[in-house]
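Chain A is the first sequence line, chain B the second, and so forth, proteins listed ahead of strands; every chain is numbered from 1. Fair warning: this is a prediction, and the values are worked out from it, not measured in the lab.
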2 protein chains.
Amino acid sequence: MHSYTEENYLKAIFNLSAEKGEVSANEISVQLKLKMPTVNSMMKKLAVKKLVHYESYKPIKLTEKGKKEASLIIRKHRLTEMFLVQKMGFGWEEVHEIAEQIEHLQSPIFFERIDALLGYPKIDPHGSPIPDKTGKMEWIKYEKLSSCKAGDTVRLAAVIHTTDEFLKFLNIRGLQLGLKIKIKFVEKFDSSMIVSYNKSNTEMLSETECERLLVEKI
Amino acid sequence: MHSYTEENYLKAIFNLSAEKGEVSANEISVQLKLKMPTVNSMMKKLAVKKLVHYESYKPIKLTEKGKKEASLIIRKHRLTEMFLVQKMGFGWEEVHEIAEQIEHLQSPIFFERIDALLGYPKIDPHGSPIPDKTGKMEWIKYEKLSSCKAGDTVRLAAVIHTTDEFLKFLNIRGLQLGLKIKIKFVEKFDSSMIVSYNKSNTEMLSETECERLLVEKI
DNA sequence: GATTTATGTTAGATTTGTCTAAGTTATAAT
DNA sequence: ATTATAACTTAGACAAATCTAACATAAATC
């Protein structure tokens, strides 16, 4: 179908344009660690294949076709991450790199089997939604922890902008999805929070950290 | 390390030269479905990398380094096949194609985990030995079923020159590794055999089929 | 509004892995 | 032993994906 390389572009564009619906060529080049002319020529190629809307000097958007293709790759990525955690005993901080490779496998039966063995999961180990077979994906509307107030009690639902380091940071503090967290205090000048959970733990979380934690109010 | 393409050449050369210790460029081109000049230029490249011994108009041999690299890819392939069968419920006829892709993953922890989850298996689902981490592999010296005589009782130990079709053929007849088989009769003119197993089954196996079944005498 | 800076584009080179066409060497057949 | 066939090599072309250098446009700043 599409090359490994094209798939990586589609995924990058999808992720980078998640909020605004469009990306600059520059952002893509930073994300994929490629030079701008490389991105430029790939955009022309993807435009010919009707995967992106591309006009000179304008931001890049995925077409409907492009979005679907990207979603299906992300589906494979997230199913794989879930399988690695649930069935192979990996930590949530170990799975990204492996899934980056497995997501490109061309084998519908392989991913169908993973899906079935996992019981058709709706979210991945980081709380991100897994697109369905048609490429549809729905983000449940969680709040950022950073937007909560002192006194709120919330449940940790997802981690965004995950890096191995941040996930290890959460591991050390015993912070995992589903955990009930009580916000004790919000520092005025830097928006850091004092939170408690698991009956005994009390921790300070910086604003950056709170921006990356999605929660649902209880 | 080495490219996906180079890995496929190494594996092909390893498999094709298993018996004689050397291969012709022509055999490689047939195996990989590539034209001869393509193979020729790759041989020069692999020779520069000290992975093969190559001299004009002479058969191709893997160097020790080349053998080790090839064995480690085959190790990943066979571990993967075992995992797909034992842990994911695939049939032995379904796993080759998937393992062909997974064998190229660059992730030592992934294959170490597979190995551990399987309990460090020594053979794959088709009875082929799995090389160890240093690339060493030992074929237990099985006999071909075709070399056995009427009256012999044997245990099915491995299937060689496997194709999906042949494995499905065995599935239909309930022939699986470990099975005790009694040779009832050997037809003189075509070397086909009448065998019985599982108390009730009696089947005729052609010479070609018997050549592909490795057994140990009981 | 003019100028500087950041972003985007074009042109052309490079690497990898493939091909076809043409020529060379070895092997098989008469 | 000569010839015919099969196997191998060389030369040169091509596509994919990358790069650098030079140029063009848009955005930001003064």
message = Considering only residues two or more places apart or on different chains, which pairs with a residue in residues 93-105 of chain B satisfy salt bridge (Lys or Arg N to Asp or Glu O under 4.0 Å)?
response = B:Lys11-B:Glu100, B:Lys11-B:Glu103
Summary of salt bridge (Lys or Arg N to Asp or Glu O under 4.0 Å) pairs that have at least one residue in residues 203-214 of chain B, sequence neighbours excluded = B:Lys144-B:Glu211, B:Arg173-B:Glu203
message = Under 4.0 Å, heavy atoms only, any strand: does A:Thr5 hit a base, just the sugar-phosphate, or nothing?
response = sugar-phosphate
query = At under 4.0 Å between heavy atoms, what does A:Tyr4 touch on the DNA or RNA strands: base, sugar-phosphate, or nothing?
reply = nothing
ask   = Applying ring pair (Phe, Tyr, Trp, His ring centres under 6.0 Å), which residue pairs with at least one partner in residues 1-23 of chain B are found, sequence neighbours left out?
value = B:Tyr4-B:His104
Ring pair (Phe, Tyr, Trp, His ring centres under 6.0 Å) partners of residues 53-76 of chain B, not counting sequence neighbours, each pair once = none
Write out a two-atom table: protein N or O, nucleotide N or O from nucleotides 7-13 of chain C, distance below 3.5 Å.
from: C:dG8; atom 1: OP2; to: A:Asn26; atom 2: N; distance (Å): 2.7
from: C:dG8; atom 1: O3'; to: A:Tyr57; atom 2: N; distance (Å): 3.3
from: C:dT9; atom 1: OP1; to: A:Tyr54; atom 2: OH; distance (Å): 2.7
from: C:dT9; atom 1: OP1; to: A:Tyr57; atom 2: N; distance (Å): 2.8
from: C:dT9; atom 1: OP2; to: A:Asn40; atom 2: ND2; distance (Å): 2.3
from: C:dT9; atom 1: OP2; to: A:Tyr54; atom 2: OH; distance (Å): 3.3
from: C:dT9; atom 1: O5'; to: A:Asn40; atom 2: ND2; distance (Å): 3.2
from: C:dT10; atom 1: OP2; to: A:Lys44; atom 2: NZ; distance (Å): 2.4

What is the distance, rounded to the nearest whole Å, between atom [atom1] of [X] and atom [atom2] of [N]?
X: A:Glu6; N: D:dA16; atom1: CD; atom2: P; value: 9 Å
X: A:Ile28; N: D:dT18; atom1: CD1; atom2: C1'; value: 16 Å
X: A:Met43; N: D:dT18; atom1: CE; atom2: P; value: 10 Å
X: B:Gln31; N: D:dA7; atom1: CD; atom2: P; value: 16 Å
X: B:Glu22; N: D:dA7; atom1: CD; atom2: P; value: 16 Å
X: A:His2; N: D:dA16; atom1: NE2; atom2: C1'; value: 15 Å
X: B:Met42; N: D:dT9; atom1: CE; atom2: C1'; value: 17 Å

key: Cation-pi check, A:Arg113 onto B:Phe90 ring (under 6.0 Å, within 45° of axis)   = yes
ask   = Residues in side chain to side chain contact (heavy atoms under 4.5 Å, CB included) with B:Pro37, at least two apart?
value = B:Lys35
message = Taking only side-chain N and O atoms of B:Tyr9, does any of them lie within less than 4.0 angstrom of OP1 or OP2 on C:dT18?
response = yes
